[in-house]
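Worksheet for the structure shown next.
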Amino acid sequence: GERMSMELRDRCFLALLRDGLDGACSQESRELAANMDRVLQDQVLELARLHNLFPLLAQQMLLLNPPGLPREAVRSITIQALARQTVATQELLALTQALERAAVPALVVKGAVCRSLYPTPDLRPSSDEDILIRPEDLARAEEVFRQRGYSLQEEGAPGEAVRTWCAPGLRVELHRSLCGDLTVAGHEAESWFAGCFNRSMIWNVGEGTVRTLGLQDHLLYLLLHFYKHFLAGGVGIRQLCDICLFVRQRSGELDWPALWGTLTAMHLERLVWNMMDLGVRYLGLAPHMVWGPPELPKADSEALLLDILDAGVFGSSTMERKHSSLITIRAASDGKCREGTLGSAIFPPAASLAGRYPYLRKWPCLLPVAWCARGLGYLKEGRNVGGRAAAAARFGRQRLELLAQYGLLGRKP
């Protein structure tokens, strides 16, 4: 019975989500809503919260008004989220104008640009905004941030080209490169974006305009960003919604043969083809909008959908899933499924733990100390580190099968 109700939850969630992307209420949604009890309503809204899509799904729920819906509570949370997002967008526009006045070329990527693709942009919340600058402009850009009352929150690890700045109402990740040191099938991902400032464009985000990546660059970046999170524990459905809306609205202006050529060089063509298949089947993407090379194998995307729904936003739905990322990342970089995946879940490398134990950045030799601290932390919280790691390893192996299915393992350049 539990699995049946979960499947019904997923069906309701996907129907409401598709309608939210269309700005409509379909007959299917109306029929589902008529039979939606309070338990199912709560399950659907909890899934929306997990995927950081609560305002969008809440709006659809308010329009459908299933029996017993706590309208006031749902409306109140939605209005608060809308207000927060409106303030953040206004500050982003003021910040980018200030950077422009200081003669700092800055490109807004993902967040605000993706949000503008939705029927009601502020119903798609962003936890932060991403701004790309050239490395040589860092000092001038950060002076603008300070003048606007921002404070530096995270410097990022050494060699990591991102710093996080916060002000009341807005959190900004300031990037000096788009992909950092991400390599895909032996290719440095960053190399595909050389000269991206020269190909940039102006984009209307509703309340004003920002400068962003050119269309071809932006779609490739969204796909690579999806892949990066897919490897690292999994990716939530909001990123897939962003990509599908981007394709729906700008498909005719894209150079599809060039895009598939790049994706094939990185061995990502099967993953992306299956992502697009989910868009066609569940998110309102018309088949003619996605030109695909004829030699691609038939899509088989059901396992990918279940993995995405289970992941929550950025694969953080459970600790086991987070820990399983150590297995999938290592396997993808090795190009093969390795034995000993349980060991890597219990005893991860220093780089994987540096966020939680910053001293490892300076003194990687203290890794055994971090392993002990981590184990003691689990014991203190009454958690079984061996059992948890075994669960992460099981989970990791399942996800390795998914990577293998899409040709992401065992293929070297």
Side-chain angles (χ1 to χ4, degrees), residues 52 80-116 121-122 124-182 189-190 193 196-197 200 202-203 205-213 217-218 221-222 224-225 228-229 232 238-239 242 313-314 316 351 354-359 361-362:
N52 207 4
Q80 285 170 33
L82 270 168
R84 274 197 304 274
Q85 193 53 65
T86 305
V87 169
T89 304
Q90 292 297 341
E91 172 51 30
L92 174 71
L93 289 168
L95 175 65
T96 52
Q97 285 160 12
L99 287 166
E100 203 174 301
R101 284 195 299 274
V104 176
L107 306 183
V108 173
V109 294
K110 295 187 315 187
V113 174
C114 292
R115 221 171 31 249
S116 71
D122 284 344
R124 184 268 193 215
S126 296
S127 49
D128 55 31
E129 290 292 345
D130 296 86
I131 294 179
L132 175 70
I133 56 164
R134 301 176 310 188
E136 62 267 29
D137 292 326
L138 180 66
R140 291 198 351 266
E142 296 197 325
E143 184 52 37
V144 172
F145 277 81
R146 284 190 200 92
Q147 285 170 0
R148 289 198 62 78
Y150 284 74
S151 57
L152 183 61
Q153 298 293 306
E154 295 165 33
E155 293 203 32
E160 211 181 353
V162 58
R163 287 155 73 90
T164 305
W165 288 81
C166 289
L170 187 63
R171 182 174 182 269
V172 175
E173 288 195 350
L174 187 62
H175 298 256
R176 281 159 284 164
S177 72
L178 279 172
C179 301
D181 56 5
L182 177 69
E190 195 62 30
F193 300 99
C196 66
F197 278 87
S200 64
I202 298 293
W203 190 283
V205 294
E207 297 92 341
T209 59
V210 294
R211 183 164 284 281
T212 189
L213 294 163
D217 285 331
H218 216 144
Y221 176 59
L222 291 174
L224 282 170
H225 194 68
K228 188 178 87 171
H229 283 295
R238 194 185 68 182
Q239 276 188 258
D242 292 348
V313 70
F314 302 150
S316 58
R356 188 166 171 191
Y357 304 106
Y359 55 79
R361 288 178 188 148
K362 206 167 180 183

Quiz prompt | Stepwise side-chain contact (heavy atoms from CB on, under 4.5 Å) test for Arg163 and Leu152 | solution = CA-CA 7 Å; Arg163 287 155 73 90; Leu152 183 61; 3.3 Å; yes
Exercise. Start with the C-alpha distance between Val205 and Val108, add both sets of side-chain angles, then the distance that settles side-chain contact (heavy atoms from CB on, under 4.5 Å), and finish with yes or no.
Key: CA-CA 11 Å; Val205 294; Val108 173; over 6 Å; no
Practice problem: In sequence, state the C-alpha distance, the side-chain angles, and the governing distance for Tyr150 and Leu174, and then conclude on side-chain contact (heavy atoms from CB on, under 4.5 Å). | Solution: CA-CA 12 Å; Tyr150 284 74; Leu174 187 62; over 6 Å; no
Exercise. Give the intermediate values and the outcome of side-chain contact (heavy atoms from CB on, under 4.5 Å) for residues Asp242 and Arg124.
Key: CA-CA 10 Å; Asp242 292 348; Arg124 184 268 193 215; 2.6 Å; yes
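Here the shortest heavy-atom pairing between Gln85 and Pro125 reads OE1-CA, 3.3 Å. Ala103 and Arg140 get closest at one heavy-atom pair: O-NH2, 2.5 Å. Nearest heavy atom pair, residue Ala102 against residue Val144, reads CB-CG2, 3.6 Å. Nearest heavy atom pair, residue Glu190 against residue Cys179, reads OE1-N, 2.6 Å. The shortest heavy-atom contact between Ala88 and Gly169 is CB-O, 3.3 Å.
The CG atom of Leu92 sits 10.0 Å away from the CD atom of Glu207 when rounded to the nearest 0.5 Å. Taking CD of Gln90 as the reference point, atom CG of Leu95 lies at 13.0 Å (rounded to 0.5 Å). To the nearest 0.5 angstrom, Leu178 atom CG is 9.5 Å from Leu224 atom CG. The distance from atom CG of Asp128 to atom CH2 of Trp165, rounded to the nearest 0.5 Å, is 15.5 Å. Rounded to the nearest 0.5 angstrom, Trp203 CH2 and Ser116 OG are separated by 5.5 Å. The NE2 atom of His175 sits 10.5 Å away from atom CD1 of Ile133, with the distance rounded to the nearest 0.5 Å.
Under the 30°/60° scheme for interplanar angles, the aromatic rings of Phe193 and Tyr221 are found to stand perpendicular. Under the 30°/60° scheme for interplanar angles, the aromatic rings of His225 and His229 are found to stand perpendicular.
No more than 12 heavy atoms of other residues, nucleotides or ligands lie within 6.0 Å of CD in Glu100, so this atom counts as exposed by the packing criterion.
Between Arg146 and Glu143, at least one side-chain N (NZ, or NE/NH1/NH2) sits under 4.0 Å from a carboxylate O, which counts as a salt bridge.
No side-chain heavy atom of Leu222 sits under 4.5 Å from any side-chain heavy atom of Gln239.
Between Glu129 and the options Arg171, Lys110, Arg115, a salt bridge (Lys or Arg N to Asp or Glu O under 4.0 Å) holds for only Arg115.
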